[in-house]
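The chains referred to below are lettered A, B, ... by the order of the sequence lines, with proteins before strands, and numbering in each begins at 1.
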Number of protein chains: 2
Amino acid sequence: MTPTRLMLRLYFGELMLGPGKADLLAGIAEEGSISAAGRRMGMSYKRAWMLVEAMNAGFAEPLVESARGGAKGGGAALTEAGQQVLAAYRALEAKLREAGADELAAIGALVRSDMSNGK
Amino acid sequence: MTPTRLMLRLYFGELMLGPGKADLLAGIAEEGSISAAGRRMGMSYKRAWMLVEAMNAGFAEPLVESARGGAKGGGAALTEAGQQVLAAYRALEAKLREAGADELAAIGALVRSDMSNGK
DNA sequence: CACTGTTATGTCCGAAAAAACATATCGAGT
DNA sequence: ACTCGATATGTTTTTTCGGACATAACAGTG
């Protein structure tokens with residue numbers, strides 16, 4: 001049973017931070033590249049880059065630093081702030097699952113069984 | 001300062017439950033009417049009704065029961081299941097704020113100050 | 001100095017979502 | 001019967017969002 005997928009999104013005025021941006025940050029950290037991270041999650045480079053731009057603009061310090069040119073064409077990596085934000089977001093997700101397990105289960109029990117599985 | 005507005009959304013296959021539907025449920029409970037609840041949150045009746053329909057279809061039992069005609073034109077109210085779902089969702093939000101206060105604060109501290117206020 | 005893969009942007013188009021507008025139905029009171 | 005306010009649906013228009021292309025700049029390497 002595909003259980004209840006959970007989605008946590010934070011709003012700070014214009015800026016919003018949700019699973020999309022968090023996954024992208026994680027992908028960049030692993031791949032060392034915006035385009036590679038985007039590809040991995042089936043996202044166009046343009047879109048991935050726009051998300052990065054939004055994050056860099058919305059936080060006090062950029063979360064991603066990037067360089068272009070060079071042997072491998074360029075690359076990107078998380079800044080200290082980027083790592084902190086990602087870690088905090090992941091921790092938040094984990095705590096939500098932990099602290100809210102009862103409520104999650106309560107709601108899930110009332111959902112139509114057809115909704116639980118993949119369709 | 002309007003700090004971090006929090007948005008929690010649950011996915012059960014097709015069905016999704018987020019702040020919009022939760023607030024609508026709360027509005028219906030208070031107003032006793034789908035249209036009044038929708039108006040109160042600046043939402044067209046059509047949209048409010050579609051949300052209700054989606055919830056009633058997605059859960060094992062309807063969350064909202066409605067009647068039309070009569071002296072006051074009709075009305076709507078939460079079913080037992082509706083009250084339970086709303087209560088569980090609110091409890092989930094509360095627990096998230098409580099359990100995740102540290103992480104919330106950590107992320108919020110890194111956001112550009114311009115983002116906190118209404119612009 | 002040409003080659004290469006990535007960053008960095010812009011423009012255009014279609015799909016999907018939301019808003020706007022339009023009816024139709026119902027039933028207790030008057 | 002007629003009214004009134006709310007439910008219940010359709011239809012049309014507008015807006016928004018994302019995808020598809022297109023292009024330029026960049027810097028290390030062979």
Are any protein N/O atoms closer than 3.5 Å to N/O atoms in nucleotides 17-22 of chain D? If there are, list each pair with its distance.
unit_1, atom_1, unit_2, atom_2, d
D:dG18, OP1, A:Arg47, NH2, 3.1

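- Formation of a donor-acceptor pair under 3.5 Å by the B:Lys21 side chain with backbone atoms of B:Leu51 is not found in this model.
- The pair A:Glu93-A:Arg90 meets the salt-bridge criterion, with a side-chain N (NZ, NE, NH1 or NH2) lying under 4.0 Å from an Asp/Glu carboxylate O.
- Annotation for A:Ile34 and A:Trp49: closest pair CG2-N, 4.1 Å, computed over non-hydrogen atoms.
- Considering A:Leu92, A:Leu63, A:Val85 in turn, A:Val85 is the only one that fulfils the side chain to side chain contact (heavy atoms under 4.5 Å, CB included) rule with A:Leu17.
- In terms of phosphate contacts, B:Ser35 brings a side-chain nitrogen or oxygen within less than 4.0 Å of OP1 or OP2 of D:dT7.
- B:Arg40 has its CZ atom 17 Å from the C1' atom of D:dA6, to the nearest Å.
- Contact detail for A:Gly108 and B:Phe12: the closest heavy-atom pair is CA-CE2, 3.9 Å.
- Between B:Glu31 and B:Arg39 there is no salt bridge, since no side-chain N of the basic residue sits under 4.0 Å from a carboxylate O of the acidic one.
- Checked against D:dT7, C:dT6, D:dA8, the side chain of B:Trp49 finds its nearest nucleotide in D:dA8.
- Take the nearest nucleotide of DNA chain C for B:Gly73 and for A:Gly32: the residue whose nucleotide is more 5' is A:Gly32.
- Interatomic distance, CZ of A:Arg9 versus CZ of B:Arg5, reported as 10.5 Å (0.5 Å rounding).
- The overall bend of the helix from C:dC1-D:dG30 to C:dT30-D:dA1, read as the angle between its terminal helix axes built from five base pairs each, is 10° when rounded to 10 degrees.
- For DNA chain D, the neighbouring residues in residues 61-72 of chain A, judged by any heavy atom under 4.0 Å, are A:Arg68, A:Gly69, A:Gly70, A:Ala71.
- Here the side chains of B:Arg112 and A:Leu15 are not in contact, with every heavy-atom distance at 4.5 Å or above.
- A side-chain donor-acceptor contact under 3.5 Å links B:Tyr89 to the backbone of B:Leu8.
- Between A:Ser33 and C:dT7 there is a side-chain N or O to OP1 or OP2 distance below 4.0 Å.
- Counting heavy atoms from C-beta on, the side chains of B:Glu61 and B:Thr79 never come closer than 4.5 Å.
- Rounding to the nearest 0.5 Å gives a distance of 9.0 Å between CG of B:Leu86 and CG of B:Asp23.
- Distance B:Glu31 CD to D:dG5 P: 16 Å, rounded to the nearest Å.
- Rounded to whole angstrom, the span from the OH atom of B:Tyr45 across to the P atom of C:dA18 amounts to 18 Å.
- Summarising the geometry, the separation between CD1 on A:Ile34 and P on C:dT7 is reported as 5 Å, rounded to the nearest angstrom.
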